[in-house]
Structure formats: structure tokens, C-alpha cells
A.B. asks: 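Have a look at this one.
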2 protein chains.
Amino acid sequence: MPDNKLTAPARRSDTTRAAILDAARERFAADGYERATIRTIARDAGIDPSMVMRYYGSKEGLFAAAVAVDLKLPDLGPLPRDEVGSALVTHFLAMWEENEVLTALLRVGATNQAGAERMQGIFQEQLLPVARQACPDPEQVPVRAALTATQLLGLALTRYVLRLPPAVALSRQEIVAWLAPTVQRYLTAPNP
Amino acid sequence: MPDNKLTAPARRSDTTRAAILDAARERFAADGYERATIRTIARDAGIDPSMVMRYYGSKEGLFAAAVAVDLKLPDLGPLPRDEVGSALVTHFLAMWEENEVLTALLRVGATNQAGAERMQGIFQEQLLPVARQACPDPEQVPVRAALTATQLLGLALTRYVLRLPPAVALSRQEIVAWLAPTVQRYLTAPNP
DNA sequence: CGACTTCGTCAACGCTTGTTGGCCTACAGG
DNA sequence: CCTGTAGGCCAACAAGCGTTGACGAAGTCG
């Protein structure tokens, strides 16, 4: 049978470990880092709190293991220049709604220094390369990527964390229609 | 001597109360609600933790008293239609940088249900009326105001909370130049 | 001066948190 | 079958939290 590459030797406790990670993601997303307790996470997973410590070492270790983010940003290379905004916004919306990890990370990043640094890392390692594909002037890539981040994270904040009613009520298509031109301009327009 | 309207009769402890509020704002802004403790706030203010309880009743009461937000949004009436975006972005930047209360509120709103509801209230009572002045179609006001909020709060999040380096490095004029057209479009453009 | 309110400190409470170590159970390999 | 090891639970710990009430100091007013 084809195993995972060359990682773990398939321990007997894998289902428990996975249950812990699932519960942790849910709690971190709903409550943030400080209010999500190991005890409630363990109860959600149906096991003893000490198991969490044994498998993940500490609360920080658990958070690090639970929130492993891959934005899976698309390759903008083959795309027409004027569709990158719409492609990015659509992709972000889909990622955010299928995966509570992103909400967890945003919540924690807003309170916790370690969380904020993790988000800086994701920005640098995942968004910057994509912006490099869309932005003509290489020197401007960080600025353009940061502007894009303000709009995309602002949407996530108001829609998934603060839940401003009008932002929640918007349909995905409406959001794309409104935000795509903004992101498009931030990435590809000449300096204003 | 001309007193404040008809509020407090000027107690002797007013300086202490103010010191508590100052320390509280600073701690809430830096650490968020859960990690900011009454004990550290009291130590910062140079008094005993029990004083905080006496004057503000509870930690929640302290937060409510410390974070009283008035955005002082300008009257858009007399402004040319095509300058509302720039006026709003400029004003938001100024408010945010002179006052750590807004950062405190944003941090808490991201973790705490009560904080999120407070932000919803500010949106409804302060941003909505201003949007009404700029937006031609009354029925669209909530949507347009929410879109504006995504961009403005997204800027605050990346620049003042997450501190993405390129977002921090931007000058105020650059930010206005980039964001003003976005906000202008969200408020005044016809449906996309 | 003496009575009374206000300001402030101190010590403690009950509770929750992350974390630890010991113990029982059950499966695996020889 | 028997032994070793990994999975799991239980009880407890030290620390920190918000909160409370008693008590002394200091100012206020008759």
C-alpha cells in the first residue's frame, strides 16, 4: 500500500492526534489563543488534557501544529494581466470559507505576538512571490503586496471575525465584483 | 469657574481615575483583553488593584470606560463629491495615529465577542451616517459603508496590529494616494 | 476638636490555567 | 504465554487571575 512519503511510521494514536488538531483549530478560530484552553480542546477531542501535552509538548506547540497554513495561491503566470485581481479575490474567498484555520490565525495574530509574526511569514513566503508575477516594477512588489493584504485581510476581518452584518450578507460574486478592481489596481496600476 | 456640563462633582481621586484609564488603554492596545490584567494595569498606574475594582466595578467595566470611541468623522456635506474618499482616509489615519484607543478596540474586537459588538455599534452609529451623505442610493448605504470598512480596518490591521513591514513603511501621503480612490469608488461609484 | 466620608493598602478567597508524574490497560513481538 | 512499550486517565502542583472585605490614613465639614 502506498504510504505517505517518508514521514511518520503510522502510530496507533494517529486518530487521537488528528482529533486533537481538529478540536484545536475549531477552538482557536472561535475563541482566540488565550481563551482557548487545553482543557476544553481535550474535552472536544474526547480525551484527557495530559494527552495534548504529551503529543504537542505545550500550548504553543499545539498552536504551531494546528495552524499550518498553505494558501495554495494560484500561478498567475498563464493568466491575462487584467484578471489577476479577480483570480486572487476569488481564491481568497474560497480558501477562507473552506478552512477555519485562517480565521484562527487572524484571531491569534491580532492578540499574540507569535501569531503576528506567523502572519508576517505567510505574507513574505506566499503572497510576495505571487505579487512578483503580477507587478511590473520589482522594486514595488512589497508595497503592492502589502496594499493587497490590507484589502484582503480587511475583508476577512469584517466578514469572518467582526461579522459586520452587511459584510456577512454580501454574496461571493458581489465581493469579487467590488474588490477585484481594487486588488487589480494595487498590483498592476502605475503609481497614483 | 466654568465647569463641565453637569457631570461629576470633581472628586479628589480624579487624577488616579485618569491614570487608571491611561494605563488601561495602553495595556489593552498592547496585549488585548485577556492578557491585559488588572494587576499590571494597576501597577502601571501606581496603585492597588482593588482601586480599579472600586472605581470601575469589574474588568469589563474598566474596558468599557477606557475604550470610549468617537471617530469624529467629518461632515461630508460641503465637500466636493470626488473628495470624500481622500477626506475619509486622511481623517482615519490621523485618528488612528493620535489615539491608541482604536488599536485597543480592534485588538479586543478580534478576540472578544463584546469587543466585536462594540465595533458593530461604532460602524452603525458613526460610519453609516457619513456614508449616507456620500452615497447616492440610500438602499445601498450599508453595503457601501461595509466595503469602506473592509479597506480602512484592513489598513489598520496590517499597519498597527500585525505590523507588516511594508505597510508600516508607507508614508501617510502614499496611503492616502492609494486608498482614497478605493474608498471613493466604494462610496460613490455605480454598481460594478 | 470631633464625626464622617473619601482614598488607598493589605491580605486573602475561590477559581482556572498550563503542566507534571504516577498508574492502569491493552496491544505487539518473541 | 509473557514481557515491554505505547496509549490513556487521574490527581495534583504552582502560579496567576478577578474579586472581596477589613482596616488605616487623610482630608472635609459641622
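In this text, all values refer to a predicted model and were calculated from it rather than measured experimentally. Chain letters run A, B, ... following the sequence lines, proteins first, then strands; residues in each count from 1.
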A.B. asks: Identify all side-chain donor-acceptor contacts of residues 60-81 of chain B below 3.5 Å with residues at least two apart in sequence or on another chain.
C.D. replies:
| unit_1 | atom_1 | unit_2 | atom_2 | d |
| --- | --- | --- | --- | --- |
| B:Asp70 | OD1 | B:Lys72 | N | 3.0 |
| B:Asp75 | OD1 | B:Gly77 | N | 3.1 |
| B:Asp75 | OD1 | B:Gln133 | NE2 | 2.6 |

A.B. asks: Can you tell me if B:Arg185 and A:Thr182 form a side-chain donor-acceptor pair at under 3.5 Å?
C.D. replies: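 Per modelled atom types, B:Arg185 and A:Thr182 side chains form a pair under 3.5 Å.
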
A.B. asks: Would you kindly check if the NZ (Lys) or CZ (Arg) of B:Arg144 is within the cone defined by 45 degrees around the ring axis of B:Tyr186 and under 6.0 Å from the six-membered ring centre?
C.D. replies: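 No; the conditions do not both hold, so B:Arg144 does not lie above the ring face of B:Tyr186.
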
A.B. asks: One character per nucleotide, please: for nucleotides 25-30 of chain D, 5' to 3', B when the base has a protein heavy atom closer than 4.0 Å, S when only the sugar-phosphate does, - otherwise.
C.D. replies: --S---

A.B. asks: Base, sugar-phosphate or nothing for A:Tyr56? Non-hydrogen atoms, less than 4.0 Å.
C.D. replies: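 Nothing, no nucleic acid heavy atom in range.
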
A.B. asks: Can you name the residues that form a salt bridge (charged side-chain N to carboxylate O under 4.0 Å, His left out) with B:Arg172, not counting sequence neighbours?
C.D. replies: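 B:Arg172 satisfies salt bridge (charged side-chain N to carboxylate O under 4.0 Å, His left out) with B:Glu97 only.
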
A.B. asks: Can you give the first and last nucleotides of DNA chain C, 5' to 3', that have an atom under 4.0 Å from a heavy atom of chain B?
C.D. replies: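 Reading along DNA chain C, I get C:dT6 to C:dA12.
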
A.B. asks: Could you grab the distance from atom CD1 of A:Ile47 to atom CD1 of A:Ile20, nearest 0.5 Å is fine?
C.D. replies: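 Taking CD1 in A:Ile47 and CD1 in A:Ile20, the distance rounds to 4.0 Å.
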
A.B. asks: Of the residues in residues 18-41 of chain B, which ones touch DNA chain D at a heavy-atom distance under 4.0 Å?
C.D. replies: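 Per residue number, the list reads B:Ala36, B:Thr37, B:Ile38, B:Arg39.
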
A.B. asks: Remember a base hit wins even if backbone is also touched, and classify A:Ser50 as base, sugar-phosphate or nothing at under 4.0 Å, heavy atoms.
C.D. replies: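 Base, at least one base heavy atom under 4.0 Å.
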
A.B. asks: Do any pairs count as a side chain to side chain donor-acceptor pair (under 3.5 Å) and have a residue in residues 108-119 of chain A, sequence neighbours left out, and if so which ones?
C.D. replies: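 Sorted result for residues 108-119 of chain A: A:Thr111-B:Thr111, A:Gln113-A:Glu117.
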
A.B. asks: For a quick check of understanding: with a heavy-atom distance under 4.0 Å over all strands, which category does A:Ser58 fall into, base, sugar-phosphate or nothing?
C.D. replies: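 If one applies the 4.0 Å heavy-atom cut-off, A:Ser58 turns out to touch the sugar-phosphate alone, with no base involved.
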
A.B. asks: Would you please say whether a donor-acceptor pair under 3.5 Å links the side chains of A:Thr103 and A:Glu100?
C.D. replies: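 No donor-acceptor contact under 3.5 Å links the two side chains.
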
